[in-house]
There are 2 protein chains.
Amino acid sequence: MKTLIKEKRNELHITQEELSYKLKVSRQTIISLEKGKYKPSLILAHKLAQTFGCSIEDLFIFEGDENLE
Amino acid sequence: MKTLIKEKRNELHITQEELSYKLKVSRQTIISLEKGKYKPSLILAHKLAQTFGCSIEDLFIFEGDENLE
DNA sequence: TCCTTTTGTCAAGTTTACTTTACGTTAATT
DNA sequence: AATTAACGTAAAGTAAACTTGACAAAAGGA
């Protein structure tokens with residue numbers, strides 16, 4: 001799974017700290033998500049998409065290994 | 001957060017067991033999700049939406065308490 | 001009524017998202 | 001060169017998603 005969090009955040013010109021404050025998560029969480037260290041919960045994915053004004057499917061690109069069959 | 005998993009599953013006329021097999025999760029997971037015991041991971045939400053031929057946002061209804069501000 | 005399928009409960013364990021703290025690195029500015 | 005803002009790493013802990021297994025309650029048809 002690929003994510004566009006970093007790109008979208010840069011488009012808004014906000015820092016990791018500002019984003020983490022807005023979403024009420026730690027800055028470490030933002031760092032880890034941008035680096036692909038782990039995957040966000042559904043709720044956090046939704047908040048991120050909402051912040052960036054896009055859909056969850058726009059923000060996260062699900063690849064083959066996560067598809068069915 | 002509300003979910004339409006049970007309704008969508010019934011539309012497809014498949015059992016919890018068939019769905020859990022398709023998604024490679026335990027039947028207990030499906031039960032718990034339908035009953036709202038906990039929220040799915042992003043990947044599982046994606047697989048569910050894919051199975052039902054809809055978007056994540058169509059399958060899960062995010063309510064006020066999960067919105068920003 | 002009996003049998004089977006489907007749905008549900010309970011509990012204990014594993015994995016992973018997320019937090020917190022503390023410290024190191026990079027890049028821009030003065 | 002020194003300071004500061006932004007980004008990154010590492011480690012240890014907590015909370016929640018998910019598993020497994022065993023067993024009980026509904027619901028359906030024969």
Side-chain angles (χ1 to χ4, degrees):
Chain A
M1 192 197 74
K2 196 181 177 305
T3 181
L4 300 179
I5 297 176
K6 189 163 195 168
E7 287 82 348
K8 298 268 186 185
R9 179 174 63 80
N10 284 331
E11 284 171 18
L12 291 190
H13 301 295
I14 60 178
T15 68
Q16 293 176 336
E17 186 147 22
E18 287 166 336
L19 182 57
S20 68
Y21 177 78
K22 228 173 144 62
L23 302 183
K24 293 177 188 135
V25 294
S26 68
R27 186 173 63 92
Q28 190 52 236
T29 295
I30 303 297
I31 291 173
S32 300
L33 291 177
E34 289 189 351
K35 294 248 129 186
K37 264 199 90 178
Y38 55 69
K39 297 159 184 178
S41 69
L42 180 54
I43 299 301
L44 183 47
H46 171 250
K47 287 183 178 177
L48 283 160
Q50 207 182 199
T51 297
F52 298 139
C54 66
S55 72
I56 292 177
E57 281 90 346
D58 279 345
L59 189 52
F60 301 97
I61 292 124
F62 301 99
E63 283 147 349
D65 60 318
E66 289 135 354
N67 292 343
L68 305 169
E69 260 79 313
Chain B
M1 193 196 73
K2 197 182 176 306
T3 179
L4 300 179
I5 297 177
K6 189 163 195 168
E7 288 81 349
K8 299 268 186 186
R9 179 174 62 80
N10 284 331
E11 284 171 17
L12 290 189
H13 301 295
I14 61 176
T15 69
Q16 292 175 339
E17 186 148 22
E18 287 167 336
L19 182 57
S20 68
Y21 177 78
K22 228 173 142 63
L23 302 183
K24 292 177 189 137
V25 295
S26 69
R27 188 174 62 89
Q28 192 51 237
T29 295
I30 303 297
I31 291 175
S32 301
L33 291 177
E34 288 189 352
K35 296 248 129 187
K37 264 198 90 177
Y38 56 68
K39 298 158 185 179
S41 70
L42 180 55
I43 298 302
L44 183 48
H46 172 249
K47 286 183 178 176
L48 282 160
Q50 207 180 199
T51 297
F52 298 139
C54 66
S55 71
I56 292 177
E57 281 90 347
D58 278 345
L59 188 52
F60 301 97
I61 292 125
F62 301 98
E63 283 147 348
D65 60 316
E66 290 135 355
N67 292 342
L68 306 170
E69 263 79 311

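No experiment lies behind these values; they were computed from the predicted model shown. The sequence lines fix the lettering, A, B, ..., with proteins before strands; numbering per chain opens at 1.
Under a cut-off of 6.0 angstrom, the local environment of CD in A/Glu18 is crowded, with over 12 non-hydrogen atoms contributed by other residues, nucleotides or ligands. For OH of B/Tyr38, the number of neighbouring non-hydrogen atoms (other residues, nucleotides, ligands) closer than 6.0 Å is greater than 12. The environment of A/Glu7 atom CD is dense: over 12 non-hydrogen atoms of other residues, nucleotides or ligands sit within 6.0 angstrom.
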Inset, instruction - Sugar-phosphate atoms are those with a prime plus P, OP1 and OP2; base atoms are the rest. Using that split, label each nucleotide of nucleotides 13-30 of chain D B, S or - for protein heavy atoms under 4.0 Å, 5' to 3'. - result: ----SBBBB---------

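Side chains of A/Thr29 and A/Ser32: a donor-acceptor N/O pair is absent below 3.5 angstrom, by distance only.
Distance, A/Leu19 CG to D/dG8 P: 13 Å, rounded to whole Å. Whole-Å rounding puts the B/His13 NE2 to C/dT6 P distance at 14 Å. Atom-to-atom, CD1 of A/Ile5 to C1' of C/dC18 comes out at 14 Å; the value is rounded to the nearest Å. Here the C1' atom of nucleotide C/dT6 and the CD1 atom of B/Ile31 are 9 Å apart, to the nearest Å. Atom CD1 of B/Ile14 is separated from atom P of C/dT5 by 18 Å (rounded to the nearest Å). With rounding to whole Å, A/Glu34 atom CD is found 11 Å from D/dA6 atom C1'.
Residue A/Ile56 comes nearest to A/Ala49 through the heavy atom pair N-CB, 3.7 Å, listed as atom of the first residue, atom of the second, then distance.
When the side-chain nitrogen and oxygen atoms of B/Lys6 are compared with OP1 and OP2 of C/dT6, none of them lie within a distance under 4.0 Å. Within the structure, every side-chain polar atom (N or O) of A/Arg9 is placed at least 4.0 Å from both OP1 and OP2 of D/dA6.
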Inset, instruction - Decide side chain to side chain contact (heavy atoms under 4.5 Å, CB included) for B/Leu33 and B/Leu44; before the verdict, give the C-alpha distance in whole Å, the side-chain angles of both, and the deciding distance to 0.1 Å. - result: CA-CA 10 Å; B/Leu33 291 177; B/Leu44 183 48; 3.8 Å; yes

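There is a path of hydrophobic side-chain contacts, each under 4.5 Å, that joins A/Leu4 to A/Phe52.
Under the 4.5 Å side-chain criterion, counting only non-hydrogen atoms from C-beta, A/Ser55 is in contact with B/Glu57. A heavy-atom distance below 4.5 Å is not found between the side chains of A/Met1 and B/His46.
Overall, the helix from C/dT1-D/dA30 to C/dT30-D/dA1 carries an axis bend of 40° between its ends, with five pairs at each end and the value rounded to 10°.
The residue among B/Lys35 and B/Glu18 whose nearest nucleotide of DNA chain C lies closer to the 5′ end is B/Glu18.
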